[in-house]
Amino acid sequence: MLSEESAAAVRATLPVVAAQLDTITARFYDTMFADRPELLDGLFNRGNQRNGEQRRALAGSIAAFATMLLDHPDERPDELLSRIAHKHAAVGVTEDQYVIVHKYLFGAIAEVLGDAVTPDVAAAWDEVYWLMAGALIAIEARVYAAAGAEGGRTWRTWQVVERREETPDAMSLLLRPLGDEPVPPALPGQYVSIRVRMPDGVHQLRQYTLSGEGDGDGDGGLRRVTVKRVEDGEVSALLHATAREGDELTLSAPFGDVALRDGEAPLVLVSAGIGCTPITAMLGHLARTGDPRRVLLLHADRDVTSHPLRADMARLAAEVGAEQVLWYERDAPEGARTGLMDLDGVAIPEGAEVYMCGPVPFMRAVRGGLIRAGVAPKDIHYEVFGPDLWLGAA
């Protein structure tokens, strides 16, 4: 909770700060990486630095957190913080790094806003920062503990035991852990980070959803990731070009706050493109556990040949007795619909809980259709690959 004095100062300056946040965060990252280039080696995603997504995500989360502090002073925005905390844990963020971020972020604020940053204004926004940082540090400690990765010690070596081509631009890797340590638990829908050394010597990491397990329902800790080769995606391109059976990869423990929950409500599982990976993992869990819930499975793709994990989704849908509706933009086979996903004519179960993954514009459109169909907004859970530019606005 903000002090009364700080709340008044933040309320008065929020419009000015929010209008300049993109400039502030750009200056922050430029200055920090100029002084601390080692942070780009195995921590920050330099692809998201180039395209500006990380900058926009940081700006959006700061503005959203400050707004929530003002509008709901007696509440902590746990949903916002949990999403950020899991993303941080997946890359190994530690408590001491919040001090580094504070130094460069507030230097950028002072530089961009100049004389508008009076001592009172600086103190108020400092309070906002440390309220947010303190909450994240506490949540991240619990997230690390749950994953058996206290203090950010999350990395482990895994071996590729099988590579399977899914589509022309997507492939799956089945992985086995090396060593005798217990395999950290994974919930259906969670992701891991894969850390690789790039040709220029810099380590980069990316998050990939655990799309399934090996035969034997996880015996031996086998896990599968499905990687789509994306434009300008240096890690996905490297994995597609080099990852082969017998190779070793460095993986984090599983993280992610959008995981299938136990319950009795009907499930609606919605995906587009490579967003099918968490949905396939959820279907696998439902099949392995014999979960009796009613399941409606909705997926959209460009065409059949572009649909990753298509055979797995169909098999698992049959095992759990799911109703399946598919949309393809072209060459839709018999039984599928042509075009983009449109919920007109789709019977959404009453009281359904929804899990959704795909491009943000797709999820925005489908979320609106689900709400019009009577689904409560609180029952729509979504996962975003990369910085969550929807955070605080969904």
Side-chain angles (χ1 to χ4, degrees), residues 163-173 188-189 208-212 224-233 236-237 240 258 260 266-284 286-287 294-349 352 354-373 375 380-386 390:
R163 171 175 171 149
R164 186 175 84 183
E165 306 302 323
E166 303 286 355
T167 72
D169 62 359
M171 58 91 177
S172 291
L173 300 174
Y208 296 104
T209 301
L210 292 168
S211 59
R224 182 180 68 185
V225 294
T226 302
V227 180
K228 180 180 179 181
R229 182 173 45 235
V230 297
E231 185 178 356
D232 298 326
S236 67
H240 270 262
V258 183
L260 184 65
L267 294 172
V268 180
L269 306 180
V270 185
S271 57
I274 197 63
C276 68
T277 51
I279 300 305
T280 304
M282 293 177 187
L283 284 170
L286 294 171
R294 178 183 174 187
V295 179
L296 173 61
L297 178 63
L298 310 176
H299 180 80
D301 231 305
R302 294 192 301 273
D303 52 42
V304 169
T305 61
S306 301
H307 182 167
L309 304 172
R310 177 171 174 263
D312 288 346
M313 292 183 77
R315 172 179 57 81
L316 293 168
E319 288 185 22
V320 302
E323 177 188 355
Q324 185 175 18
V325 186
L326 301 173
W327 287 260
Y328 295 108
E329 294 179 37
R330 55 180 182 265
D331 302 326
E334 184 177 355
R337 304 185 181 194
T338 299
L340 303 178
M341 186 177 291
D342 184 345
L343 298 185
D344 288 347
V346 177
I348 305 298
V354 178
Y355 293 86
M356 180 168 54
C357 188
V360 169
F362 161 81
M363 291 195 293
R364 283 187 186 276
V366 174
R367 182 176 184 272
L370 290 166
I371 292 172
R372 289 191 294 273
V375 180
I380 302 176
H381 315 288
Y382 72 94
E383 183 59 277
V384 172
F385 297 147
W390 202 5

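Position 1 is the first residue of the sequence; numbering continues from there.
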Minimum side-chain heavy-atom gap V258-Y382 below 4.5 Å: no

Kindly indicate, with the supporting measurements, whether the criterion side-chain contact (heavy atoms from CB on, under 4.5 Å) is fulfilled by L260 and L286. CA-CA 9 Å; L260 184 65; L286 294 171; 3.8 Å; yes

Atom pair SG (C357) and CG (L269), whose distance is rounded to the nearest 0.5 Å: 11.5 Å

Can you tell me if E231 has over 12 outside heavy atoms packed within less than 6.0 Å of its CD? no

Any non-hydrogen side-chain atom of S271 less than 4.5 Å from a side-chain atom of M313? yes

Distance-only criterion, 3.5 Å: show the donor-acceptor pairs between side-chain atoms of residues 317-326 and protein atoms not counting sequence neighbours.
| from | atom 1 | to | atom 2 | distance (Å) |
| --- | --- | --- | --- | --- |
| E319 | OE2 | R315 | NH1 | 3.2 |

Is there a side-chain contact between I380 and V270, using heavy atoms and a 4.5 Å cut-off? no

Set out, in order, the CA-CA distance, both residues' side-chain angles and the distance that settles side-chain contact (heavy atoms from CB on, under 4.5 Å) for R337 and V346, then state yes or no. CA-CA 11 Å; R337 304 185 181 194; V346 177; 3.7 Å; yes

Intermediate values then yes/no, side-chain contact (heavy atoms from CB on, under 4.5 Å), L283 and L297: CA-CA 9 Å; L283 284 170; L297 178 63; 3.8 Å; yes

Note: S172 and L309 closest approach over all heavy atoms is OG-CD2, 3.9 Å

Quick one: does V354's side chain get under 4.5 Å of R367's, heavy atoms only? no

Any idea which heavy atoms bring C276 and H299 closest together, and the distance? CB-CE1, 3.7 Å

D331: partners by salt bridge (charged side-chain N to carboxylate O under 4.0 Å, His left out), with sequence neighbours left out: none

Rounded to the nearest 0.5 angstrom, the CZ-NE2 distance for R163 and H240 is 6.5 Å

Determine whether V366 and M356 make a side-chain contact, defined as any pair of heavy atoms from C-beta on separated by less than 4.5 Å. yes

So, do L298 and L343 sit near enough that their side-chain heavy atoms are less than 4.5 Å apart? yes

Nearest heavy-atom pair of G284 and L316: which atoms, and what distance? N-CD1, 3.8 Å

When every non-hydrogen atom of V304 is compared with those of P333, the smallest separation belongs to CG2-CD, 3.6 Å

Counting N and O atoms only, with roles assigned by atom type, does the side chain of R302 sit under 3.5 Å from a partner on the main chain of G273, one being a donor and the other an acceptor? no

Taking all heavy atoms of A281 and all of P188, pick out the closest pair and write down the distance. O-CB, 3.9 Å

Any side-chain heavy-atom pair from P308 and T277 closer than 4.5 angstrom? no

Assess whether a salt bridge exists between R330 and D303, defined as any Lys/Arg side-chain N lying under 4.0 Å from an Asp/Glu carboxylate O. yes

Any chance you could measure E166, atom CD, to D312, atom CG, to the nearest 0.5 Å? 6.5 Å

Side-chain donor-acceptor pair under 3.5 Å between R224 and S211, yes or no? yes

Check A300 against F362 and note the closest heavy-atom contact, atom names and distance. CB-CE1, 4.3 Å

Rounded to the nearest 0.5 Å, what's the gap from OG1 on T167 to CZ on R310? Could you check? 12.5 Å

Between Y328 and S306, is there a side-chain heavy-atom distance shorter than 4.5 Å? no

Please evaluate residues L296 and I348 with respect to the criterion side-chain contact (heavy atoms from CB on, under 4.5 Å), reporting the C-alpha separation (whole Å), side-chain torsions for both, the decisive distance (0.1 Å), and the verdict. CA-CA 8 Å; L296 173 61; I348 305 298; 3.9 Å; yes

Once ring-ring contact (aromatic ring centres under 6.0 Å, His included) is applied, do any residues pair with Y208, and if so which ones, sequence neighbours excluded? none

State the CE-CG distance between M282 and L267, to the nearest 0.5 angstrom. 9.0 Å

